[in-house]
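Have a look at the structure below, then the notes.
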Amino acid sequence: MGLAGIFLGLGLLIWLSYRGWSVLVLAPAAALIAALFASEPLLAHWTQTFMGSAAGFLAQFFPLFLLGAVFGKLMDDSGSVQTIARFMTEKLGPKRAMLAVVLAGALVTYGGVSLFVAFFVLAPMAQALFRAADIPARLMPAAIALGTSTFTMSALPGTPAIQNAIPMPFFGTTAFAAPGLGVIASAIMLGFGMWWLRRAESRARAAGETFGALTSDAHIDAADDPVVRERATTAGSFDPAEVQHGEHGAGQPGIAVALAPLVVVVLVNLLMALVVLPNLDTDFLAEPRFGGISLANVGGVWAVLVALAAAMAVLVALNWKRLPSLRATVDAGANASVLPVVCVASLVGFGAVVAAMPAFEMVRDWVLGIGGGPLVSLALSTNILAALTGSASGGLTIALDALGGTFMQLADTTGLDPALMHRVAVIGAGTLDSLPHNGAVVTLLAVCGTKHRESYFDIVMVGIVGALIALIAVILLGTAVGSF
């Protein structure tokens, strides 16, 4: 009965969230169903297990959600994202429309801009390029997804994406974990994705397919769609309802000024993670008032936080006159971080209750008993949970909350590098999370003005198949030669 309760609760969570119900209500309800079937105390699991785990997630990662959302909004309102998009358009032009969209998305998201902010800026850019090149509009979502939601989210070393930050406290790693493997995985995702997009474009031209009819205001309508908002806040780190808030400046910066904050994010993150923090005296963290931890538990998160804060300072200094209402922009960014982090925390709370059920031992034994070793088990667990929850960050945290300690024990006994587990876990979470009910997918399609039946197959190819190939390559290389 306990196992049936877990599956029933999970099934209701997936079905009702797909129909637009709030995860804030569904997650505790699904957790209580699992506890009820296991004859466990309901209120204790709600207030102690569920809320305790959700609060722990907020304590660890809310600062990242907050600074990431504010930084993204500052980049948007200052015109910096638009400048980068325009620069790519001018340099590559309609003849290389696919590549222009992909590289623009990769550049801004690797620099720390939320992919949801990028969606709303890149969609109009892609629409203009695809119309000029007469490429079918149905391919726009796949091109944007390849640039924003694949290798810059899970594989490229140093990416400040929340998905890349989540394993750091569990494995004691940094955002630059397994850099060589990350670069190889990124090259595979980008190479396969571009090959597929060019193939799809060529086949469409051969069939006489044109750009077609498409509303130019789809991205504006999507920002106000309550269903899009509900799904997006579960899957991402930015509330799309805040995209239209704040105040955009009248002009746009030059490309050097627009790129400067993104460069600061990468460089400061690298310096903090590899030079500054390791040389600081952090013995005070062992004191009970700081949780009795070590730098390994917080160093990775601290590095990203300092990088984002430094980038925000540089951005504001360089764009002071292009931010007509700094308070409104910062408020919009801060507000945009709240609903996403609470939604993901609720999913984490649900996972904690499920992991506390006696029947979960069977699930744990099944995952750890999968052939192929710990890396395969880790990849499958993050894949499956990200797919079921429709959230890479939610599925990844649930998996590591439940099994992270076990995998670390396996790493100690087998000599497996935690950095390798970090990279496998993140890439694994960024594959099957792109199923039809994923909030990023729903938002992207709405912003582009296309439907699942038109565009989803190409998203699968660039966002799931390419990522799975890269994941397999990382596991094989990591198993053969270790982390590098």
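Since this is a predicted model, take the numbers as computed values, not measurements.
By the side chain to side chain contact (heavy atoms under 4.5 Å, CB included) test, S186 pairs with F151, A155, L156, sequence neighbours left out. For the side chain to side chain contact (heavy atoms under 4.5 Å, CB included) test, residues two or more places apart in sequence or in another chain that qualify with F457 are W196, M461. In this structure, the side chain to side chain contact (heavy atoms under 4.5 Å, CB included) partners of M362, at least two apart in sequence or on a different chain, are L3, A359.
Counting only distance, with no hydrogens or angles, the side chain of S337 and the backbone of A334 share a donor-acceptor pair below 3.5 Å. A donor-acceptor pair is defined here as one N or O able to donate and one able to accept, closer than 3.5 Å; no such pair exists between the side chain of S455 and the backbone of L139. Side-chain N or O atoms of D134 include none that pairs as donor or acceptor with a backbone N or O of T210 at under 3.5 Å. Side-chain atoms of Q60 never come within 3.5 Å of backbone atoms of F57 as a donor-acceptor pair (strictly under, hydrogens ignored). Judged by distance alone, the side chain of H45 and the main-chain N or O of A31 form no donor-acceptor pair under 3.5 Å. Judged by distance alone, the side chain of R131 and the main-chain N or O of A137 form no donor-acceptor pair under 3.5 Å.
By the 4.5 Å heavy-atom criterion applied to side chains, M189 and I469 are not counted as neighbours. A 4.5 Å side-chain heavy-atom check between Y456 and P141 finds every atom pair outside the cut-off. With a 4.5 Å cut-off on side-chain heavy atoms, K451 and L445 do not count as touching. Side-chain contact between M194 and V102 is present, with heavy atoms from C-beta onward closer than 4.5 Å. Side chains of F170 and D401 form a contact here, defined as non-hydrogen atoms less than 4.5 Å apart.
The minimum heavy-atom distance linking T329 with K73 is given by the pair O-CG, 3.4 Å. Of all heavy-atom pairs between I384 and W366, the closest is CD1-CH2, 4.0 Å. Residues G105 and T148 approach most closely at CA-CG2, 3.7 Å, considering heavy atoms. Taking each heavy atom of T49 and A356 in turn, the nearest pair found is CG2-CB, 4.3 Å. Looking at every heavy atom in both residues, A185 comes nearest to V474 through CB-CG2, 3.7 Å. Looking at every heavy atom in both residues, M357 comes nearest to A38 through SD-CB, 3.6 Å.
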As a quick check of understanding, evaluate side-chain contact (heavy atoms from CB on, under 4.5 Å) for V367 and L380, giving each step before the final call. CA-CA 8 Å; V367 169; L380 280 176; over 6 Å; no
Apply the test side-chain contact (heavy atoms from CB on, under 4.5 Å) to residues T159 and M153: give CA-CA distance (whole Å), side-chain angles for both, the deciding distance (0.1 Å), then the verdict. CA-CA 7 Å; T159 174; M153 183 186 80; 5.8 Å; no
The test is side-chain contact (heavy atoms from CB on, under 4.5 Å); show your working for V304 and V265 and say whether it passes. CA-CA 8 Å; V304 178; V265 170; over 6 Å; no
So M140 and I135, side-chain contact (heavy atoms from CB on, under 4.5 Å) or not? Walk me through it. CA-CA 9 Å; M140 282 168 36; I135 300 172; over 6 Å; no
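Taking the six-membered ring wherever Trp is involved, the centroid distance between the rings of F119 and F116 falls below 6.0 Å.
Within a 6.0 Å radius of CZ in R203, no more than 12 heavy atoms belonging to other residues, nucleotides or ligands are found. Within a 6.0 Å radius of CH2 in W195, more than 12 heavy atoms belonging to other residues, nucleotides or ligands are found.
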Could you pull out every donor-acceptor pair under 3.5 Å between side chains of residues 419-435 and any protein atom, sequence neighbours left out?
{"residue": "H422", "atom": "ND1", "partner": "T173", "partner atom": "OG1", "Å": "2.7"}
{"residue": "H422", "atom": "NE2", "partner": "N164", "partner atom": "O", "Å": "3.2"}
{"residue": "H422", "atom": "NE2", "partner": "N164", "partner atom": "OD1", "Å": "2.9"}
{"residue": "R423", "atom": "NE", "partner": "A177", "partner atom": "O", "Å": "3.2"}
{"residue": "R423", "atom": "NH1", "partner": "S154", "partner atom": "O", "Å": "2.9"}
{"residue": "R423", "atom": "NH1", "partner": "N164", "partner atom": "OD1", "Å": "2.9"}
{"residue": "R423", "atom": "NH2", "partner": "N164", "partner atom": "OD1", "Å": "3.4"}
{"residue": "R423", "atom": "NH2", "partner": "A175", "partner atom": "O", "Å": "3.4"}
{"residue": "R423", "atom": "NH2", "partner": "A177", "partner atom": "O", "Å": "2.9"}
{"residue": "T431", "atom": "OG1", "partner": "N383", "partner atom": "OD1", "Å": "2.2"}
{"residue": "T431", "atom": "OG1", "partner": "N383", "partner atom": "ND2", "Å": "3.3"}
{"residue": "T431", "atom": "OG1", "partner": "G428", "partner atom": "O", "Å": "2.7"}
{"residue": "D433", "atom": "OD1", "partner": "T431", "partner atom": "N", "Å": "3.4"}

Let me check something: any side-chain donor-acceptor pairs from residues 340-352 under 3.5 Å, sequence neighbours excluded? List them with distances.
{"residue": "S346", "atom": "OG", "partner": "V342", "partner atom": "O", "Å": "3.0"}

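For residues 68-114, no pair satisfies ring pair (Phe, Tyr, Trp, His ring centres under 6.0 Å), with sequence neighbours left out.
Electrostatic pairing of E209 and R138 counts as a salt bridge here, judged by a charged N lying under 4.0 Å from a carboxylate O.
With no hydrogens or angles considered, no side-chain donor-acceptor pair links Q252 and R322 at under 3.5 Å. For the residue pair T389 and S391, no side-chain donor N or O sits within less than 3.5 Å of a side-chain acceptor on the partner.
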